[in-house]
Amino acid sequence: MSAAYNPYATAQKQFDDVADMIQLEPAVREFLRQPMREYHFTIPVRMDNGEVRVFKGFRVQHNDARGPAKGGIRFHPHETIDTVRALAMWMTWKCSVVDIPLGGAKGGIVCDPHHLSEREQERLCRGWVRQMAKNLGPFLDVPAPDVMSNAQHMLWIMDEYETISGGKYPGVITGKPVGMGGSLGRTEATGFGVIYTLREALRELGITPSTTTAAIQGFGNVGQYAAKMYQQLGGTITAVSCWDHNDQKAYTFYNKNGVDAEALAGITSVYGDIDKEKAQDLGYEILPGEAWLEQAVDILIPAALENQITGANAGNISKQVKVIAEGANGPTTPEADQVLKEREIFVIPDFLANAGGVTCSYFEQVQSNMNYYWEKEEILEKLDTKMTNAFLAVSSLAREKNLYMRDAAYVIAINRVAEAVKKRGWV
Ligand code: GLU
């Protein structure tokens, strides 16, 4: 990520453009263009060698007018408060656009879990909760996994919260392991949801999925399950790129005959690093990190981090690309959006495309709060219905008012949150 790029500036610009368009009242606008609350704190952790290291932690609650604040906790060495602010804001729009009764939040810890032992990670998670416990709760603020955080981290967080609170509160966090308060389908939900919206976009464009090809950036939780579901629809993935934490650079794994998502997942670390040697043995060609974006394919699925499709590289997108389904949060900058708009590429915006994760988190929260768990089929069916309905509402508004898909999604999301803050009498 370039040092100059600020995702919060992007989130605010996207918001301001739509606020202008819908003539949002000045007070509502001022209230919604920044977070309601933010917490910055230090987390001292006793490392395995006996020394204490002090980590920096954040939680930003952007808006909770529609329900408890909701959003993941990211572990990243380059995490900044502005990244967390942007992601918290996008969570508000995400929960709103799929119409689930939750607000938006995000948390972060500046760290690289690659360099922390299991026990150190556990102490870090528990330390984060000790700083935040009084501002969390099943009906207050409900965290979840995000980049480099997983189900085990969520379980430690829940356990620490319950220890502090003196009760059992599985609804305090989502993305827990199945059997320990987690929901079936939660692991798959974000990636599957991306493809449910892609399926609807292709239907609208009159394109049969089995005739299409795709390139994916990122092979973590979102990329892997998006790849699997896209293959179930009959699509062919020719390229997958991922970050290599040893080399500190990205590579693209290319196979003109099509990637086998299942086999590739089998040689991928828990953080989404694909093993280069094993991939070569399986017949993959290894190309530079940016090559995923330049492939002559029908569909691009950025499923890594923010700031990936930029003014500098949007011109390298092949003429063949018809749809971009944003699995990541904030992968496209406003400059790149301009290029995509002019080229009439059908963009399924991040906070719609990747809302499957939080939608299933909502189902998990409901199940955890009543301590009764549903079957997987039921969950995936409910997820598909929610995602499809949200997509159709956005795409029909886009068609009716001739709007870019991102703007149409913002119009729906902002209007719902604005109505909640006004009706509550906050502004
Ligand atoms: N971290 C995921 C996201 O960005 C999921 C959030 C959640 O489940 O609360 O949407």
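Treat the numbers as computed from the prediction; the structure is a model and nothing was measured.
Between Lys228 and Glu188, no side-chain nitrogen of the basic residue sits less than 4.0 Å from a carboxylate oxygen of the acidic one, so the salt-bridge criterion is not met. Using a 4.0 Å cut-off between charged nitrogen and carboxylate oxygen, Lys386 and Asp99 do not count as a salt-bridge pair. Electrostatic pairing of Asp407 and Lys401 does not count as a salt bridge here, judged by no charged N lying under 4.0 Å from a carboxylate O. With respect to the salt-bridge test (charged N to carboxylate O, under 4.0 angstrom), the residues Arg406 and Asp17 do not qualify. Classification of Glu419 and Lys422 as a salt-bridged pair fails, no side-chain N sitting under 4.0 Å from a carboxylate O. At a threshold of 4.0 Å, the pair Asp64-Arg424 does not count as salt-bridged, since none of the basic side-chain nitrogens sits closer than that to a carboxylate oxygen.
No donor-acceptor contact under 3.5 angstrom links the side chains of Asp141 and Asn135, judged on distance only. Inspection of the Thr385 and Thr388 side chains reveals no N or O donor paired with an N or O acceptor under 3.5 Å. Side-chain atoms of Tyr5 and Thr10 form a donor-acceptor pair, as typed in the model, at a separation below 3.5 Å. Between Glu285 and Asn255, the side chains place no donor N or O within less than 3.5 Å of an acceptor N or O (distance only, hydrogens not considered). Between the side chains of Gln61 and Glu38, no donor-acceptor pair of N or O atoms lies under 3.5 Å. Thr174 and Lys70 share a donor-acceptor pair across their side chains, judged by distance under 3.5 Å alone.
Screening Thr332, Leu352, Ile348, Ile309 for a side chain to side chain contact (heavy atoms under 4.5 Å, CB included) involving Glu326 leaves a single residue, Thr332.
With sequence neighbours excluded, no residue forms a side chain to side chain donor-acceptor pair (under 3.5 Å) with Gln131. Residues passing the side chain to side chain donor-acceptor pair (under 3.5 Å) test with Tyr284: none are found, sequence neighbours excluded. Residues that satisfy the ring pair (Phe, Tyr, Trp, His ring centres under 6.0 Å) test with Phe55, not counting sequence neighbours, are absent from this structure. Shown here are the salt bridge (Lys or Arg N to Asp or Glu O under 4.0 Å) partners of Lys94, two or more places apart in sequence or in another chain: there are none.
With rounding to the nearest 0.5 angstrom, the SG atom of Cys111 is 11.0 Å from the CZ atom of Arg74. For the atom pair Leu282 CG and Lys278 NZ, the distance stands at 9.5 Å (nearest 0.5 Å).
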Side chains of residues 233-240: which donor-acceptor partners sit under 3.5 Å, not counting sequence neighbours?
none

Quick one: side chains of residues 151-158, donor-acceptor pairs under 3.5 Å with protein atoms, not counting sequence neighbours, listed by atom name and distance.
residue	atom	partner	partner atom	Å
His153	ND1	Asn150	N	2.9
His153	ND1	Asn150	OD1	3.1
His153	NE2	Gln121	OE1	2.7

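Between the side chain of Gln231 and the backbone N or O of Val259 there is at least one donor-acceptor pair closer than 3.5 Å.
In this structure, Lys382 satisfies the cation-pi test against Trp374, with its NZ or CZ atom closer than 6.0 Å to the six-membered ring centre and inside 45 degrees of the ring normal. The side-chain tip of Arg85 points at the ring of Tyr8 from less than 6.0 angstrom away and within 45° of straight on.
Taking the centre of each ring, Phe15 and Trp93 come in below the 6.0 Å mark. Ring pair Phe219/Phe253: centre-to-centre distance not below 6.0 Å.
More than 12 heavy atoms of other shown residues, nucleotides or ligands fall within 6.0 angstrom of atom CD in Gln248. The neighbour count for Glu381 CD, taken as heavy atoms of other residues, nucleotides or ligands under 6.0 Å away, does not exceed 12.
Ring orientation note: the planes of His245 and Trp243 are nearly perpendicular, at an angle over 60° on the 30°/60° scale.
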